[in-house]
Amino acid sequence: MKYISTRDAKNTVSATYAIATGLARDGGLFVPSGLPQITARDIDRFRTADYKRRFIETAAGFSDEFSEYELSDFAEKAYGENFASTNPAPVRRIDENTAFLELWHGPTCAFKDMALQMLPLLLTASLKKCGETRKVCVAVATSGDTGKAALEGFRDVDGTSVIVFYPRDGVSEVQKLQMVTQEGENVFVCAVNGNFDDAQRGVKDIFSDPVFAKFLSEKGYMLSSANSINWGRLMPQIAYYISAYCDCMNSGMIGPGEKINFCVPTGNFGNILAGWYAKRMGLPVNRFICASNRNNILTDFINTGIYDVNRPFYTTASPSMDILVSGNLERLLYGLCGDSAEISGYMNDLKQKGVYKVSQEMKETINNEFSGGFCDDFDTKHTIAELWEKNGYLTDTHTAVAYRVLEDYRANTNDSTAAVVLSTASPFKFCEDVSDALGGNTGNGEDPVEALAALTGQKPPAPLRGLSKKKPRFTDHVDKKDMKNAVSGFLFQ
């Protein structure tokens, strides 16, 4: 299995190189030159396997550079006692036709753990296989969840340093506390005066600056990414779609070979893209429903074929989706057309004009597989209350967006296909908004996590308890233009 850049198909590298470097030198994203296939027989075999085995079987098809022994070792370390559940990605049905895939039972209580507990293992092994002797600096832009998951995943990993940039006023209080109180000798957290797109562009500027890369190299460092631009982040996510399908079969929700819908709350498009890859590998999927918040750029793109960032940016109750530049959409477009020149044209238009328009043929292809919808904060909170009152199911703001979009999709299309909603975070990560939706009050000086627990009778995840009593370690904030200086200051202080 080789990997190519979305902007230059002649740029062919190994899986380990793609994971080690994160981003292609031409600014493109690495994608596999082909996809391993799974059959009905494979799925039937996976049904009796645990999650670790399902991951191993999936990952093996994407690289022959890692032995089964290595992948087994990685799976034991990534999905072991650090997860609160023996099944890292359980499926919870709320009725005969709807289920939630809970991806937040890891150490940071968000779906990013499913990949970022694995990525440090893949990355450090890839560096060794590539003969790399420099230390690696992992630079991350986060809209809330990736940052903490990267910090936790890379904490005190030999030969690595990790620096996380987050929008200063664009994450929840719990998300911020998780990051700024992070333990570890090799970690650094810095706020950016701006939104997530500012932070993401700043990190991409860091990666694309050859002078800065040379400076770091002379100092014994190389850059790599823990954002979903890194294939090592995206590949582990494919496994949980396959696992969810197997668990839906095991529960009797679907029969062998029966197609299913997935509804995914997403801003950067990586989470839903992993499912699309699983479908292309042979997983029986009918449709992907892309759920957005008020920053509904993906919904508009799916419906019109026009991607236009020239629009207001909104700070919402679902901050991990407060994104206008969806980095992984580039991989989908390349997968549909296979033309790196066409992709380069779209990305150049986006950079220079803030807008691009895909061909009518590509739009129709997208519409054959994807639907889009969005939900504002009012309906998000109404949905949280409705799910709690009718189903006794407590959900966070992002998952509530997805469930509302699914219900709207069903009402508009009469599609009765069984559906799985990807639940991306614990409700306790967004306890202020969840409490507000349920008529509670967290503004009286009480610990908001404990206040939501008292309101609902639900037990908070252990990693979130006592956060408000921890002393922040990191209080720095910078403008986007100063992010490189922040990296240098951290590494060479």
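Residue numbers run from 1 in the order of the sequence given.
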> Ser126 and Thr16: side-chain donor and acceptor closer than 3.5 Å?
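Thr16 and Ser126 do not have a side-chain donor-acceptor pair below 3.5 Å.
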> Identify whether NZ of Lys or CZ of Arg in Lys176 sits under 6.0 Å from the centre of the six-membered ring of Tyr166 and within 45° of that ring's axis.
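No, a cation-pi geometry is absent between Lys176 and Tyr166.
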> Assess the side chains of Thr108 and Asp113: does a donor N or O sit below 3.5 Å from an acceptor N or O?
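Checked: Thr108/Asp113 side chains pair up, N/O donor to acceptor below 3.5 Å.
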> Can you find a side-chain donor-acceptor pair between Asp447 and Ser468 that sits under 3.5 Å?
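There is such a pair between these side chains.
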> Does a donor on one side chain and an acceptor on the other come within less than 3.5 Å for Ser143 and Asp322?
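Not at all, the side chains of Ser143 and Asp322 share no donor-acceptor pair under 3.5 Å.
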> If you compare all heavy atoms of Leu394 against all heavy atoms of Val434, which two are closest, and at what distance to 0.1 Å?
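Heavy atoms of Leu394 and Val434 come nearest at CD1-CG1, 3.9 Å.
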> For the residue pair Tyr393 and Phe100, categorise the inter-ring angle as parallel (less than 30°), tilted (30 to 60°) or perpendicular (more than 60°).
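Parallel, since the angle between the ring planes stays under 30°.
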> Judged by modelled atom types alone, do Gln175 and Lys429 share a side-chain donor-acceptor pair under 3.5 Å?
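Per modelled atom types, Gln175 and Lys429 side chains form no pair under 3.5 Å.
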> List in chain and number order the residues that pass side-chain hydrogen bond (donor to acceptor under 3.5 Å, both in side chains) with Arg134, two or more places apart in sequence or in another chain; answer none if no residue qualifies.
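Result, side-chain hydrogen bond (donor to acceptor under 3.5 Å, both in side chains) vs Arg134: Glu132, Ser217.
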> Write down the atom of Gln200, the atom of Val325, and the distance for their closest heavy-atom approach.
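Gln200 and Val325 have their closest heavy atoms at NE2-O, 3.0 Å.
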> Would you check if the distance from the ring center of Trp276 to the ring center of Phe288 is below 6.0 Å?
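When the ring centroids of Trp276 and Phe288 are compared, they turn out to be at least 6.0 Å apart.
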> Could you give me the CA-CA distance, side-chain angles and deciding distance for Cys263 and Val420, then say whether side-chain contact (heavy atoms from CB on, under 4.5 Å) is met?
CA-CA 6 Å; Cys263 185; Val420 172; over 6 Å; no
> Going through the distances and angles, do Val449 and Leu467 end up as a side-chain contact (heavy atoms from CB on, under 4.5 Å)?
CA-CA 9 Å; Val449 172; Leu467 266 179; 5.8 Å; no
> Regarding Gln237 and Tyr240, do their side chains bring together a donor and an acceptor under 3.5 Å, going by distance alone?
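Note: Gln237 and Tyr240 side chains meet the donor-acceptor criterion.
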> Under a 3.5 Å threshold, yes or no: a donor from one side chain and an acceptor from the other, between Arg331 and Asn328?
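Per modelled atom types, Arg331 and Asn328 side chains form a pair under 3.5 Å.
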> Can a side-chain donor-acceptor contact be found between Trp104 and Ser423 if the only test is distance below 3.5 angstrom?
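The criterion, which ignores hydrogens and geometry beyond distance, is satisfied for Trp104 and Ser423.
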> Supply the atom-to-atom distance Met118 CE to Leu123 CG, rounded to the nearest 0.5 angstrom.
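Here the interatomic distance stands at 13.0 Å.
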> Regarding Thr160 and Asn186, do their side chains bring together a donor and an acceptor under 3.5 Å, going by distance alone?
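Judged by distance alone, the side chains do pair up.
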> If the condition is ring pair (Phe, Tyr, Trp, His ring centres under 6.0 Å), which residues does Phe262 pass it with, not counting sequence neighbours?
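In terms of ring pair (Phe, Tyr, Trp, His ring centres under 6.0 Å), with neighbours along the sequence ignored, Phe262 is linked to Tyr241.
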> Asn485 and Ser488: side-chain donor and acceptor closer than 3.5 Å?
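The criterion, which ignores hydrogens and geometry beyond distance, is not satisfied for Ser488 and Asn485.
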> Looking at residues at least two apart in the chain, or sitting in another chain, which of them share a side-chain contact (heavy atoms from CB on, under 4.5 Å) with Asn195?
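With sequence neighbours excluded, Asn195 shows a side-chain contact (heavy atoms from CB on, under 4.5 Å) to Asp197, Asp198, Phe313, given in chain and number order.
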> In terms of the angle between their ring planes, are Phe188 and Phe490 parallel, tilted or perpendicular, with boundaries placed at 30° and 60°?
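Rings of Phe188 and Phe490: parallel, as their planes differ by under 30°.
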> Looking at every heavy atom in both Met321 and Asn295, which two are closest together, and how far apart are they?
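It is O-CB, 4.3 Å.
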> Between Gln178 and Asp145, does any side-chain donor sit less than 3.5 Å from a side-chain acceptor?
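There is no such pair (donor and acceptor under 3.5 Å, judged by atom type) between the side chains of Gln178 and Asp145.
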> Compute whether any side-chain donor of one residue and acceptor of the other, for Arg294 and Thr316, lie under 3.5 angstrom apart.
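Their side chains do not contain a donor-acceptor pair, so the 3.5 Å distance test is not met.
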> Would you say the side-chain atoms of Ser225 and Asn230 include a donor-acceptor pair closer than 3.5 Å?
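Checked: Ser225/Asn230 side chains show no N/O donor-acceptor pair below 3.5 Å.
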